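Throughout, protein chains are lettered first and strands after them, A, B, ... in sequence-line order, and every chain is numbered starting at 1. Here the structure is a predicted model, which means the values were calculated and not measured.
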Protein chains: 2
Amino acid sequence: MKIKDIAEAAGVSTATVSRVLNGKQHVRPEVQKKVLEIVKQMNYSPNRAAQSLRSRQSSMIGLVVADIQNPFFASVCRAVEDVSQAHNYSIILCNTDENPEKEQMYLELLQNENAAGIILSPTKRLAKHFPQELANQTPMVLIDRKVEGVDVDSVLIDNFSAAKTLTTHLLGNGLKRIAGLFGSPSITGEERLLGYQAAFQESGIKIDPDLIIELPAKMENAHEAVTKLLESESPPEAIMTSSGLLANGAFRAIRDKEIEIPGTLAFATFDESPWTSMTRPAITVIEQPTYDIGMTAGEMLIKRIREQSRPTRQVVLSSRLIIRQSCGSSQ
Amino acid sequence: MKIKDIAEAAGVSTATVSRVLNGKQHVRPEVQKKVLEIVKQMNYSPNRAAQSLRSRQSSMIGLVVADIQNPFFASVCRAVEDVSQAHNYSIILCNTDENPEKEQMYLELLQNENAAGIILSPTKRLAKHFPQELANQTPMVLIDRKVEGVDVDSVLIDNFSAAKTLTTHLLGNGLKRIAGLFGSPSITGEERLLGYQAAFQESGIKIDPDLIIELPAKMENAHEAVTKLLESESPPEAIMTSSGLLANGAFRAIRDKEIEIPGTLAFATFDESPWTSMTRPAITVIEQPTYDIGMTAGEMLIKRIREQSRPTRQVVLSSRLIIRQSCGSSQ
DNA sequence: AATTAAATTGTAACCGATTACAACAAAAAA
DNA sequence: TTTTTTGTTGTAATCGGTTACAATTTAATT
């Protein structure tokens, strides 16, 4: 079923059919009606590959994230999909696992695919060697990670401030030996570490460097690290983690050791998850506007696709500290 | 940068370049080497739209699920992506929300896109009116839901037995008034309901029809339904839910009312989630082999893409009852 | 050495849409 | 009525690959 078949059935040329289908220029209403009828009757829809080849633009949006199993990205992804769908774009999902080679591979793929646009949570390496030409050529929106000195749209939260806020909250509760688990290598993890350090700085309390742990953001890693931490000679008074996945492993390790929260150990983390409000004590968290991030990124991308030359902008959405019982503070 | 440029630079025809790139037939090793060198040097990679147009096959696999925010599907998705990537396919992600129109729209899109294959968790309507022609024409693997009397590959767990096992476990603990929350409209929910009923049947205990609740699998719905249930004149002794999302809302409602588990109310659910082992008491669940389902489906799809005519098969993976403390059983 | 078979390469058609251009018709202006 | 403008339509080129077919070279066989 191709455009030629429709053209023949309607007694017009393929050009006319194409014009009708794309709502272009001058076509007599009666011809238009006839063509549409036949299109409907024959249940025709155009071949995307042909369209894409000719117009040098596909209807695909590349969504490149670290890991779709991370609820943060799942939520972002869902939002992007909702927005895309409303504008007749589909999404190609790419997981990088923070691996620059995978990321590179996917970016090339998306170029070859003539993706209409790309939404990307860049790895640390990409942030260092940012492909500005690619961004100039293909509409792109960065999410979740700050990349300095490049001209590209982005949507993120202020990770530095959020981490500082959370740490300050812990310090404010009289906790001093606060261990921090930060995802690595990851820009997000890095920024949050800086916020953590800044909070200490400001409070005048010294950080025990042994309590700063950078590690790949996987549950098992956090479990292992926290287990070791808790078995050490001078265990911390509090633990904070920089992502939901890390929180999970960490919390499990704490539970395994049957350590009392917040009595013996306080606990707080980035990322609101289904479980953070369900444990007893419920857990103090920094909640990110995940769906909003995805939605905003999606909308910005659509706008850029429509108007390639619009000035770029950085949107910073605000996160929220939800104080619960895991840090010993009353409300 | 197109194949013609490479051909010219290498002093051969485009056909030869194409042959080299696709590892086809007869090309003199020296020519091959030369072409590959130039391809590398000029950093060429082929236009996917053109390839897809001519060969009538894209390198895209459609993954159609109910909702990527459901951790079950996120895990399946991740597995599919891993397998796809290893075979040089990418995935187009489609969320249906159990909405047949959305599903229909996406299936058409995937056809127009010449998707190499489709992995699909079908809605109830699709199961009734299964597009066998589409399945014959495009490699397809069904996941998660059983569809009767069609000739198509599928990967699932035995939902009926799993639900029966879980319900029998509750009954075995002396619980009789067991409320069940089942996702609807969804084949999975339906099958689990049947298993639930069968367990009662077998035990000779009557079901109070008021305790069977079918509802869209969203947290809020479950929260609302359970709240109402708990406020009713004759509240249940136990609640089981047929999916992780429902479990979340249900558990939250129980917590909100500060009802003691398992003393006053027992609780169990389908789907192992990060939080089910972290609450106190920890929750008894049916754990599904999520990653395995995705991986198996992915591999089956690749095989079918390679050999369109192979006989179809149904793979049933086994789920596992994890007994914890939420149902009052010692274990 | 002559014949046959196999390997290598190029030419050009093709996939299915979009669109520049030309042709023609109808309406408006002179 | 003639000329100009505007609107409608078709023809054919084009996007960038793949591949059938034919042509040519090389190797194997008789």
**Complete:** In B:E191, B:E190, B:E103, B:E98, the residue satisfying salt bridge (charged side-chain N to carboxylate O under 4.0 Å, His left out) with B:R145 is B:E98
**Prompt:** Checking only heavy atoms, does the side chain of B:R28 share a donor-acceptor pair with the base of C:dT8 at less than 3.5 Å?
**Reply:** no
**Message:** For a quick test of reading the model: is some side-chain N or O of B:Y44 closer than 4.0 Å to OP1 or OP2 of D:dG17?
**Reply:** yes
**Item:** Side-chain H-bond candidate by donor/acceptor type, B:Q85 with B:E81, under 3.5 Å
**Value:** no
**Asked** Quick one: SG on A:C94 to CE on A:M105, what's the gap to the nearest 0.5 Å?
**Response** 7.5 Å
**Listed nucleotide nearest any side-chain atom of A:L53, set D:dG16, D:dT9, C:dA12** = D:dG16
**Asked** At under 4.0 Å, does any side-chain N or O of B:S18 touch on OP1 or OP2 of D:dG17?
**Response** no
**Request:** Please state whether the base of D:dG16 and the side chain of B:R48 form at least one donor-acceptor pair under 3.5 Å?
**Result:** no
**Asked** Under 4.0 angstrom, heavy atoms only, what part of the nucleic acid is B:T16 near: base, sugar-phosphate, or nothing?
**Response** sugar-phosphate
**Request:** Whole angstrom is fine here: how far is it from CE in B:M42 over to P in D:dG16?
**Result:** 14 Å
**Message:** Please tell me whether A:N112 and A:E108 have a donor and an acceptor in their side chains that are separated by less than 3.5 angstrom.
**Reply:** no
**Asked** Once you round it to whole Å, what is the distance between P of D:dT14 and CD of A:Q57?
**Response** 22 Å
**Asked** Tell me: CD of B:E30 to C1' of D:dT25, nearest whole Å?
**Response** 13 Å
**Nearest-Å distance for atom pair CD/P, residues B:Q111 and C:dG16** = 14 Å
**Request:** State which of C:dG10, C:dA17, D:dG17 makes the closest approach to the side chain of A:P46.
**Result:** C:dA17
**Prompt:** Quick check: are there more than 12 heavy atoms from other residues, nucleotides or ligands sitting under 6.0 Å from CZ of A:R313?
**Reply:** no
**Item:** Comparing B:G11 and B:R54 on DNA chain C - which has the more 5′ nearest nucleotide
**Value:** B:G11
**Asked** Given that A:S13 and B:N22 both sit by DNA chain D, which one's nearest nucleotide is further toward the 5' end?
**Response** A:S13
**Asked** Is the distance from OP1 or OP2 of D:dG16 to the nearest side-chain N or O of B:Q51 less than 4.0 Å?
**Response** no
**Asked** C:dG16 C1' sits how many Å from B:E113 CD, rounded?
**Response** 14 Å
**A:D5 CG - C:dG16 P separation (whole Å)** = 9 Å
**A:M1 CE - C:dA17 P separation (whole Å)** = 10 Å
**Prompt:** Between B:N47 and B:R19, which is nearer to the 5' end of DNA chain D once each is assigned its nearest nucleotide?
**Reply:** B:N47
**Nearest-angstrom distance from the residue atom CG of B:L21 to P of D:dT19** = 12 Å
